[in-house]
Structure formats: C-alpha cells, structure tokens
Amino acid sequence: MDIWQILMTPFSWILKLFCQVFNSYGIALFLFTIVIKIILFPLNLKQKKSIIKMNVVNGQVQEIQKRCGNDKERYNQELQKFYAENNVNPLGGCGWTFLPIVFLYPLYAIIRRPLKYMMWLTEDAVTAVAHALGWADFTIGGYNELILGSMMNAGNLETAKAAVSTAAASSVFVINFDFFGINLSEIPQLMFWKDGISWNSVGLFLLPLISAGLSIVSMLVSQKTNQMNKDQQVKTNWSLMLLSPLISLWIGFAMPAGLCIYWIANSILIMVQEVICGKMLRKDYEAAQKEMEEQAKKAKEAEKERRRKAAEKKAAAIAAGKSGKKQPQAKKKGMDVSASREGLRTYARGRAYDPNRYPITPYRDPNGPAKPVEEEPKALTEEEKEILAESNPELATQAAAAEQAAEKAAIESGAVESDDSAGEEDGYEEAYADDEE
C-alpha cells in the first residue's frame, strides 16, 4: 500500500460504502459530494464571515489609501498594521472557494482506478482479474482499470474473485455504472453521433453542458442570496464567473462522466448551502450594513469638518489683510536723479541709474532644503462662503469686508498709477530743464 492509497482511504471507503448500499455509482457520487459539503460547511461559513468583515473595513482601507497617496510602501505598511489590529485576513474569502476543485484529484484517482482504491487490489491482482475476464493485453494505465471495472457483472464476479487470493476476494464487488441509462465509466464525446445516436451517447454529451449551466446558476444564486450584494452596487466580474463553468466543461469532455455527476451535485448543493448561509448570517449582514452606514456618516462629517477648517483658515488670512489679490504699488511722483549725477552732469550715469539696484544677497546652499514659498490665499469660493455663513458668520463678514477693501484699494491704486505716469513725465521735463539752465 503506497502513501497515496493511505491518504485516499477515507474517500475510497465512503464511495465504496455508498456503492454497495445503493448499488448505483451515480447515487454514490452524489452522496459522496453531500458528505464533502457537510465537512466543508463550517469552513464556508467562516469564509462568508470573512467576506462580510472585509466589506465593513473596505471604507477604512480607502481612507488609508487616500492618506498615503502614491507612497506604496507606506500604504502597505499601514494596511498590514490595520489588518493585524482588526484581525482581518484579506485572503480569507478566497481560499475556500477552490476546495471543491481540490477534492477532484482524489475523486479522479478513485474513479480512474476503482480496483486499486475501492477493492484494495494490487497491480498483479488487477492484471490477473483482467486475464480471467478475457482481456489478454491488459496494462495498468489510462482508464483501462475503469473499463475493467465496468466489465465486471454478476455473471463473471466469481471468476474475478477466483483470479485473486482468498484474502483479496472478499473485497471484490460489482460496481453498477448505469445511471438512468448512462454509463458513467465512459468519456463524453463532442461528436456524440459518430458511433450512432443512442440515449447513452446523447446523455453523456448533455452531462458536461448541464454541469457548466448549473455552475453559472449557482454563482447567480450566490449573488442574489448575499445581503451585502443586495444593498450595494456590486460589479460582476464575468471573467471569474466563467472560470468555474469552463473548468467543469473541460473536465466533462476530457474525463469519465462520473466527474460530471460530482460537479452537478456540487453546484446543486452550493445553491442549497447559499440559502442556508443567508438565513444563518442575516443578523451579521444587518449589523455589517449598519456599521458601514455609520462609517459613511462619519466620513461625511469628517470631510465637512475639514472643509470648514480650510474655509475658516483662508477667511482668517483674508481678514488679516493677506488677500490673494495683489495690490499694485503706487509709484512715487517724479524721479530722483541725484544718484545719476557725475559732477554737474545730471544724467552722466543714465537717468535710470540706481546704485542699490543689485543688492548683496546672503549665500544659500543649493543642495539644502528648499525655502518654503508662502502662497497668498485666493479669494473665497461660493461653497466656502456658504460654509462660513453657517459655521462662523462673523468671520465671513470680516473676510467679505477685507475683500471689498482690497478691491477698492486696487481700483484706487490703478488711478494713482495713471497720475504717476503723468508725474513721471513732468519729472523728466523738470530734470532736463535743470540741464538747460
């Protein structure tokens, strides 16, 4: 007995028991699937609770993403810390989904080699049974052992038992592969009409299609029975939804029909399981929905508070005289030409000469930290005015008065500037008049 035979003992024992009790390979596979589902039910329930918890904390995860921005390293660190503090496993809702596929391997091995795993025969004993039943060129491999198992019936059972030892003979029995007129030991064919149309060939062709169709229906039922999906706009990922049906379709046309029965039973039981889990987790769904609503409300209030503080800060800066509108500086009337004199010549150095034009600036390290640029606040938007009118009317009035004063000063500065231009021309004429004298 090899290690694989030991590991698959529980599965083969269950399948053999159902085959002997109900004398139907199809019923045995269906009951085998029920047992597997019952064993995995607590794990599936845990998976759904993990998904509910992930939906609840999803809003907080988005807040972490907004706070970290493009800093992926910081985002991953804070996210891992958040998951650890809240005891959340982000992969908790994914791992158990593929468990039915994992159980396909031992089931496939048992179906492919029923005499080894269900009757506990050695390879020599299996070869002896094949020779006793008239299969002279029998070899271990492929689906030969499955075909040999389908050849055994009540008429040749004693012959098969006589070919093996007395101890092994007691474990040899007839497996009834007939399931509503379909031989489950055969492999479905796409061109089912090739060897003649019969109910067996048509039924084998339909089994993979039924398994793929029920796989899609079970996923739709899972979405409909999930209370979180009802209350939220959940986008369906059709590529993931079609993965399981495509796998079942491929298995159906590539392997013995018994695996189609397993897949069909699995899809039916998934629908039953989803209905049961939906009723059991109704309170969890309702509690999670209330918590998500509370989180959304808190996030909305936090955003409103942030906008209020930003508006008050800007209004306070404007009220303090730091308006974002640049006020033009009034130019002095005329021009001081004393610095341009060279002796008695007034404009010897040019009428725009300024000895302090290029002041000495202190040294700054170009590789040092950048000097922060203080940006003057812009004018208040209509939304900020509404927020201020509600939260701090007095500050809103002061900011509005400061803005009006700034606009008035800007207008007055523009008028002074035009007068200064005329004054500058007068100063120019006066300066030249001195030279003429």
Quick check: do [X] and [Y] have side-chain heavy atoms less than 4.5 Å from each other?
X	Y	result
Leu43	Leu40	yes
Val126	Thr122	no
Lys161	Asn156	no
Leu45	Met280	yes
Val35	Leu31	no
Pro256	Leu146	yes
Val275	Met271	no
Lys116	Ile110	no

Non-neighbouring partners of Phe11 that pass ring-ring contact (aromatic ring centres under 6.0 Å, His included), sequence neighbours left out | Phe103
Contacts of type ring-ring contact (aromatic ring centres under 6.0 Å, His included), residue Phe138, not counting sequence neighbours = Trp135
If you count the non-hydrogen atoms of other residues, nucleotides and ligands that lie under 6.0 Å from CD in Glu301, is the total more than 12?
-> yes
For a ring-ring contact (aromatic ring centres under 6.0 Å, His included) with Phe192, tell me which candidate from Phe253, Phe205, Trp199 qualifies.
-> Phe205
Closest heavy-atom contact between [X] and [Y]?
X	Y	value
Lys16	Met118	CD-O, 3.0 Å
Thr159	Ala132	CG2-O, 3.8 Å
Ser248	Trp263	CB-NE1, 2.9 Å
Lys48	Ser222	NZ-OG, 4.4 Å
Met151	Leu133	CE-O, 4.2 Å
Ser391	Glu312	OG-OE2, 3.5 Å

Dump the intermediate steps for side chain to side chain contact (heavy atoms under 4.5 Å, CB included) on Leu206 and Ile182, then the final yes or no.
-> CA-CA 11 Å; Leu206 291 176; Ile182 302 172; over 6 Å; no
Do you see a donor-acceptor pair shorter than 3.5 Å between the side chains of Gln189 and Asp195?
-> no
For Ser185 and Asn183, does a side-chain donor sit closer than 3.5 Å to a side-chain acceptor?
-> yes
Who passes side chain to side chain contact (heavy atoms under 4.5 Å, CB included) against Arg307, sequence neighbours left out?
-> Glu303, Glu383, Ile387
Test side-chain hydrogen bond (donor to acceptor under 3.5 Å, both in side chains) applied to Ser215 - qualifying residues, sequence neighbours left out = Ser244
Can you name the side-chain hydrogen bond (donor to acceptor under 3.5 Å, both in side chains) partners of Gln398, sequence neighbours left out?
-> none
From [X] [atom1] over to [Y] [atom2], what is the distance, rounded to the nearest 0.5 angstrom?
X	Y	atom1	atom2	value
Ile247	Ser211	CD1	OG	11.5 Å
Thr33	Leu269	OG1	CG	6.5 Å
Leu115	Ile175	CG	CD1	6.5 Å

Ring pair (Phe, Tyr, Trp, His ring centres under 6.0 Å) pairs, two or more places apart, involving residues 19-67 | Tyr25-Phe177
Is the closest basic N to carboxylate O distance between Lys314 and Glu384 below 4.0 Å?
-> yes
Run the side chain to side chain contact (heavy atoms under 4.5 Å, CB included) check on Trp193 and Ser201 step by step: do they pass?
-> CA-CA 7 Å; Trp193 61 88; Ser201 62; over 6 Å; no
What's the verdict on side chain to side chain contact (heavy atoms under 4.5 Å, CB included) for Lys37 and Ile270, showing C-alpha distance, side-chain angles and the deciding distance?
-> CA-CA 8 Å; Lys37 278 293 177 186; Ile270 282 176; 3.5 Å; yes
